[in-house]
Amino acid sequence: MSNIRPKHTTLTQFSVADDCLQIGGMSLVRLAQRVGQTPFYAYDRQKITQRVALLRQHLPGEIHLHYAMKANPMPAVVQHMANLVDGIDVASLGEMKVALDTMMASTKISFAGPGKRAAELSCAIAAGIVINMESEQEMAHIASLGEDLDICPKVAVRVNPDFELKSSAIKMGGGSKPFGVDAERVPAMLARMGELGLNFEGFHIFSGSQNLKAAALQEAHEKTLQLAIRLAENAPMPVRLLNIGGGFGIPYFPGEEALDIVAVGENLQRLLAEVKRQLPQSQIVLELGRYLVGEAGIYVCRVLERKLSRGQVFLVTDGGLHHHLAASGNFGQVIRKNYPVVVGNKIRGSKRETVSVVGPLCTPLDLLADQMEMARAEAGDMIVVYQSGAYGLTASPTAFLNHPPPVEVLV
Ligand SMILES: *Cc1c(COP(=O)(O)O)cnc(C)c1O
């Protein structure tokens with residue numbers, strides 16, 4: 001066994017000047033002054049724009065890109081994104097309202113998620129949003145609401161595929177799942193749909209999330225497209241929308257490497273020829289969340305105190321688990337690993353040391369970095385957590401222990 005711990009790949013999305021991280025065209029120190037408080041989240045709009053451009057460069061031109069806004073629902077981020085992508089995927093009434101406030105055409109917004117309530121469904125029907133149906137009961141509910149409203153609902157069937165996305169940190173398809181309709185039950189559902197007065201748009205097949213292995217995504221794309229072609233044989237109308245999910249991951253932990261997007265794009269190009277032959281009217285959609293925003297965001301908190309306990313240094317900060325659950329290791333991780341964390345105003349520093357970064361909460365779970373090597377920091381210095389543009393603030397229990405919430409800025 002090796003005792004050498006794998007290191008984080010050096011992150012280069014933000015430049016460094018005078019040993020200080022630069023974001024949004026200014027130094028972190030200046031930004032903190034501008035924000036007026038720590039902790040805060042900062043998202044770099046140029047980095048988001050560049051990420052979408054990178055995808056457009058490597059994916060086949062006819063593929064539409066949707067933003068799965070639960071990754072980062074800050075209204076300013078969603079507004080910015082609406083100018084860059086081809087559609088927005090929402091998963092609640094609250095998200096739907098933010099998406100409808102953008103310039104995005106409502107026909108390019110889709111609504112997924114189990115347990116949709118009548119009020120949510122009615123708003124979606126009235127807005128002309130495509131509803132990704134998660135069950136047969138939901139289909140019946142939508143049909144009856146459509147009748148009440150005298151509007152023909154636009155629907156797609158979310159399919160729980162008969163395979164899973166391999167090497168995926170978060171599996172959302174295959175086996176028994178609360179998401180989507182089991183693939184083998186879809187033909188019967190499609191047969192009923194014709195009688196219900198629903199406007200069938202197509203299929204939504206999402207198998208998993210946070211995948212860094214191009215080969216696993218290539219295999220899932222192939223199986224997804226095959227499944228869609230098979231299911232389309234029973235469709236009441238031609239398939240116009242084929243959302244093949246996303247699942248593109250970003251590197252968070254030591255030893256992880258960025259996804260090979262070129263390989264993913266080339267494979268899709270190859271697969272598209274067959275899809276165009278079999279489903280000539282269908283628009284292929286990829287829905288991405290963290291891949292679009294995750295690397296464009298940082299979380300910033302300030303060191304309140306250096307504390308020494310039996311030879312170990314703890315940097316006690318004003319931020320923590322209540323603002324950034326994922327970085328604390330408590331958002332779906334089996335084994336806790338450190339996010340990339342640096343001292344933002346002393347990237348290299350004059351001295352280095354191994355420290356743990358903790359928050360103000362009275363629980364040992366409130367840990368932002370466990371025994372990590374970084375520049376020696378003093379009270380007043382700023383701790384930066386990279387890869388924080390997705391599943392940050394809104395995925396965190398801000399009410400826990402009742403400390404003030406962080407600010408969010410798009411710069
Ligand atoms: C959460 C979710 C996404 C986004 O996942 P990321 O890992 O952020 O890309 C996409 N589609 C559906 C259906 C989701 O539930």
Side-chain angles (χ1 to χ4, degrees), residues 43 48 51-52 54-55 59 63-74 77-78 81 85-92 94-96 99 108-116 120 124 129-135 138 155-161 164-165 167-174 177-181 202-214 216-217 220-221 224 241-253 256 258-259 261 264 284-297 325-326 331-333 387-396:
Y43 315 117
I48 296 173
R51 183 46 72 100
V52 175
L54 177 84
L55 282 163
L59 296 175
I63 287 191
H64 276 185
L65 282 180
H66 281 203
Y67 178 47
M69 67 171 275
K70 82 169 185 287
N72 188 329
M74 183 198 187
V77 168
V78 180
M81 198 67 87
V85 297
D86 309 299
I88 301 176
D89 294 339
V90 305
S92 72
E95 288 191 355
M96 200 191 309
K108 302 292 182 192
I109 300 174
S110 63
F111 180 22
K116 298 184 197 76
E120 297 179 289
I129 284 172
V130 178
I131 304 171
N132 294 334
M133 302 184 296
E134 305 270 349
S135 70
E138 190 169 278
V155 295
V157 179
R158 181 167 181 184
V159 182
N160 175 21
E164 60 178 34
L165 176 54
S167 325
S168 203
I170 304 158
K171 293 193 187 351
M172 290 180 73
K177 288 283 180 299
F179 312 108
V181 180
F203 299 112
H204 175 215
I205 308 177
F206 179 74
S207 46
S209 205
Q210 180 47 21
N211 204 306
L212 290 168
K213 299 265 180 293
L217 285 168
H221 289 155
T224 299
L241 180 70
L242 183 47
N243 181 333
I244 61 169
F248 296 11
I250 61 171
Y252 289 102
F253 305 121
E256 289 186 342
L259 173 66
I261 194 71
V264 172
I284 310 279
V285 169
L286 272 173
E287 54 175 2
L288 300 173
R290 76 186 75 222
Y291 194 80
L292 297 181
V293 289
E295 299 189 74
L325 187 68
F331 189 61
Q333 285 161 242
Q387 315 300 72
S388 297
Y391 306 106
L393 178 57
T394 60
S396 300

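In this text the structure is predicted, and so the values were computed from the model without any measurement. Order of listing sets the numbers, starting from 1, for every ligand and every atom in it.
Counting only heavy atoms of the protein, atom 10 (C) of ligand 1 lies nearest to F206 CE1, 3.3 Å. Nearest non-hydrogen protein atom to atom 12 (C) of ligand 1 is E287 OE2, 3.5 Å. Of the protein's non-hydrogen atoms, K70 NZ, 2.9 Å is the one closest to atom 14 (C) of ligand 1.
A side chain to side chain contact (heavy atoms under 4.5 Å, CB included) with V285 is found for exactly one of N243, L242, L65, I63, namely N243. Each of Q210, R290, E295 was scored for a side chain to side chain donor-acceptor pair (under 3.5 Å) with Y252, with one residue passing: R290.
Of the N or O atoms in G289, one or more lie within a sub-3.5 Å distance of an N or O in ligand 1. Residue R290 has at least one N or O atom closer than 3.5 Å to an N or O atom of ligand 1. The shortest N or O to N or O distance between Y391 and ligand 1 is under 3.5 Å.
Residue K177 places its NZ atom among more than 12 non-hydrogen atoms of other residues, nucleotides or ligands, all under 6.0 Å distant.
Shown in contact with A68 at under 4.0 Å from a heavy atom are these atoms of ligand 1, numbered in order with element: 3 (C), 4 (C), 10 (C). Listed by number with element, the atoms of ligand 1 under 4.0 Å from a non-hydrogen atom of S209 are 5 (O), 6 (P), 7 (O). Each of the following atoms of ligand 1 lies closer than 4.0 Å to a heavy atom of H204: 13 (C). Taking every non-hydrogen atom of R158 and a distance limit under 4.0 Å, the qualifying atoms of ligand 1 come out as 13 (C).
When atom types are taken as modelled, the side chain of Y391 and the backbone of G294 share no donor-acceptor pair closer than 3.5 angstrom.
Judged by a 6.0 Å distance limit and a 45° cone about the ring axis, R51 is positioned over the six-membered ring of Y291.
There is no side-chain donor-acceptor pair under 3.5 Å between H64 and D86.
Contact analysis leaves Y291 out of contact with ligand 1, as no non-hydrogen atom separation drops below 4.0 angstrom.
Using a 4.5 Å heavy-atom cutoff, the side chains of I48 and V293 are in contact.
Of the inter-residue distances, the one linking Q387 atom CD with F253 atom CZ reads 10.0 Å to the nearest 0.5 angstrom.
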